[in-house]
Asks: 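Shown below is the structure under consideration.
Computed from a predicted structure; not experimentally measured. Computation of the quantities below employed the complete heavy-atom set of this structure, encompassing side-chain atoms and omitting hydrogens, waters and symmetry-equivalent molecules. By convention here, the first residue in the shown sequence is residue 1.
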Amino acid sequence: MNWNEDQPIYRQLREKIIALILSGSFKEGDPLPSVRQVASDYQINHITVSKAYQELVDMELVEARRGMGMYVLPNAQQKLHAMEKEKFITAEVPALLLRMRQLGITKKELIAALQSAQGE
């Protein structure tokens with residue numbers, strides 16, 4: 001994995017795991033790789049991995065099972081879909097609208113572009 005310098009590695013790792021849960025690569029009840037395994041695979045500090053995992057626990061997406069590791073909680077994928085949808089609507093749509101105004105793109109042009117991209 002290539003880390004970018006725009007945000008801390010633990011956040012990038014957290015986002016990668018979130019993407020894997022959203023895509024269904026990690027399903028409800030699945031174990032996450034151990035902290036040591038992730039640290040070794042990505043050549044990062046185990047504390048960095050632990051911090052990413054703790055944020056996932058705080059978000060109530062995974063749980064720590066004593067002596068067994070971290071597991072994806074039931075409904076984590078649905079919860080993430082709702083969170084990501086809200087983030088898209090509240091952050092990304094306004095940014096898109098601002099960019100459209102800056103470039104003089106009309107709603108009609110955007111709709112045509114969306115339909116074209118979807119092959120309609």
Side-chain angles (χ1 to χ4, degrees):
M1 184 164 174
N2 293 324
W3 307 110
N4 75 50
E5 296 181 21
D6 295 340
Q7 63 177 333
I9 292 174
Y10 77 90
R11 284 192 187 155
Q12 294 175 63
L13 179 59
R14 180 196 67 201
E15 293 302 313
K16 175 154 181 66
I17 295 168
I18 285 172
L20 291 169
I21 293 171
L22 278 170
S23 72
S25 295
F26 286 136
K27 296 175 180 45
E28 294 179 3
D30 282 354
L32 296 183
S34 72
V35 169
R36 287 183 187 194
Q37 184 65 51
V38 174
S40 174
D41 288 350
Y42 293 118
Q43 296 296 300
I44 56 178
N45 190 298
H46 70 281
I47 296 171
T48 300
V49 179
S50 293
K51 190 167 183 175
Y53 278 16
Q54 185 57 51
E55 287 203 353
L56 294 168
V57 169
D58 293 344
M59 295 171 74
E60 298 178 352
L61 300 173
V62 302
E63 68 178 350
R65 296 182 188 164
R66 178 168 251 142
M68 297 177 62
M70 300 291 233
Y71 289 81
V72 179
L73 286 170
N75 299 317
Q77 187 179 46
Q78 293 85 348
K79 185 175 185 174
L80 279 170
H81 275 281
M83 290 168 55
E84 290 297 313
K85 183 177 180 178
E86 179 67 21
K87 184 168 85 174
F88 177 78
I89 290 169
T90 60
E92 295 179 42
V93 169
L96 173 66
L97 293 173
L98 175 62
R99 188 73 171 136
M100 286 174 58
R101 278 193 296 277
Q102 290 172 337
L103 298 173
I105 297 171
T106 65
K107 289 178 187 175
K108 192 174 197 175
E109 289 172 318
L110 175 63
I111 291 168
L114 290 171
Q115 289 172 335
S116 174
Q118 291 179 328
E120 294 179 13

Asks: Quick check against the 3.5 Å criterion: does Glu55 have a side-chain atom that pairs as donor or acceptor with the backbone of Arg11?
Replies: no
Asks: Any chain of hydrophobic side-chain contacts (each under 4.5 Å) joining Ile9 to Ile47?
Replies: no
Asks: Contact between Tyr53 and Pro33 at the side-chain level, heavy atoms closer than 4.5 Å - yes or no?
Replies: yes
Asks: Looking at Ser25 and Ser23, what are the two nearest heavy atoms and their distance?
Replies: OG-OG, 3.1 Å
Asks: I need the Met59 CE to Arg14 CZ distance, nearest 0.5 Å.
Replies: 6.0 Å
Asks: Is the backbone N or O of Gln37 less than 3.5 Å from a side-chain atom of Ser40, with the two atoms forming a donor-acceptor pair by type?
Replies: no
Asks: Nearest 0.5 Å, what's the CG-CD distance between Leu98 and Gln102?
Replies: 4.0 Å
Asks: Give the intermediate values and the outcome of side chain to side chain contact (heavy atoms under 4.5 Å, CB included) for residues Ile44 and Tyr10.
Replies: CA-CA 9 Å; Ile44 56 178; Tyr10 77 90; over 6 Å; no
Asks: To the nearest 0.5 Å, what is the distance between NZ (Lys27) and CD (Gln77)?
Replies: 8.5 Å
Asks: Would you mind reporting whether Lys16 and Tyr42 have side-chain heavy atoms less than 4.5 Å apart?
Replies: yes
Asks: Checking Gln12 against Gln7 for the side chain to side chain contact (heavy atoms under 4.5 Å, CB included) test, could you report, in this order, the C-alpha distance in whole Å, the side-chain angles of both residues, the deciding distance, and whether it holds?
Replies: CA-CA 7 Å; Gln12 294 175 63; Gln7 63 177 333; 3.5 Å; yes
Asks: Excluding sequence neighbours, so at least two apart, what forms side-chain contact (heavy atoms from CB on, under 4.5 Å) with Ile89?
Replies: Lys85
Asks: Checking the side chain of Ser116 only, and the main-chain atoms of Ala112 only, is there a donor and an acceptor separated by less than 3.5 Å?
Replies: no
Asks: Donor-acceptor pairs under 3.5 Å, side chain of residues 60-74 to any protein atom, not counting sequence neighbours: which ones?
Replies:
unit_1, atom_1, unit_2, atom_2, d
Glu60, OE1, Lys79, NZ, 3.3
Glu63, OE2, Arg65, NE, 3.0
Glu63, OE2, Arg65, NH2, 3.1

Asks: Measuring from Leu20:CG to Leu32:CG, what's the distance to the nearest 0.5 Å?
Replies: 9.0 Å
Asks: Which atom names give the shortest non-hydrogen contact between Trp3 and Leu13, and what distance separates them?
Replies: CZ3-N, 3.9 Å
Asks: Could you tell me the separation between the CD1 atom of Ile21 and the CD atom of Glu28, rounded to the nearest 0.5 Å?
Replies: 10.5 Å
Asks: Going by salt bridge (charged side-chain N to carboxylate O under 4.0 Å, His left out), name the residues that satisfy it together with Glu84, two or more places apart in sequence or in a different chain.
Replies: Lys87
Asks: Counting only heavy atoms not in His81 (residues, nucleotides, ligands), do more than 12 fall under 6.0 Å from its NE2?
Replies: yes
Asks: Answer yes if Ile111 and Leu96 sit in the same cluster of Ile, Leu, Val, Met, Phe, Trp and Tyr residues linked by side chain heavy atoms under 4.5 Å apart, and no otherwise.
Replies: no
Asks: Answer with yes or no whether the hydrophobic clustering places Val57 together with Leu22; edges join I, L, V, M, F, W, Y residues whose side-chain heavy atoms lie under 4.5 Å apart.
Replies: yes
Asks: Got a second to check how far Leu110's CG is from Ile105's CD1, nearest 0.5 Å?
Replies: 7.5 Å
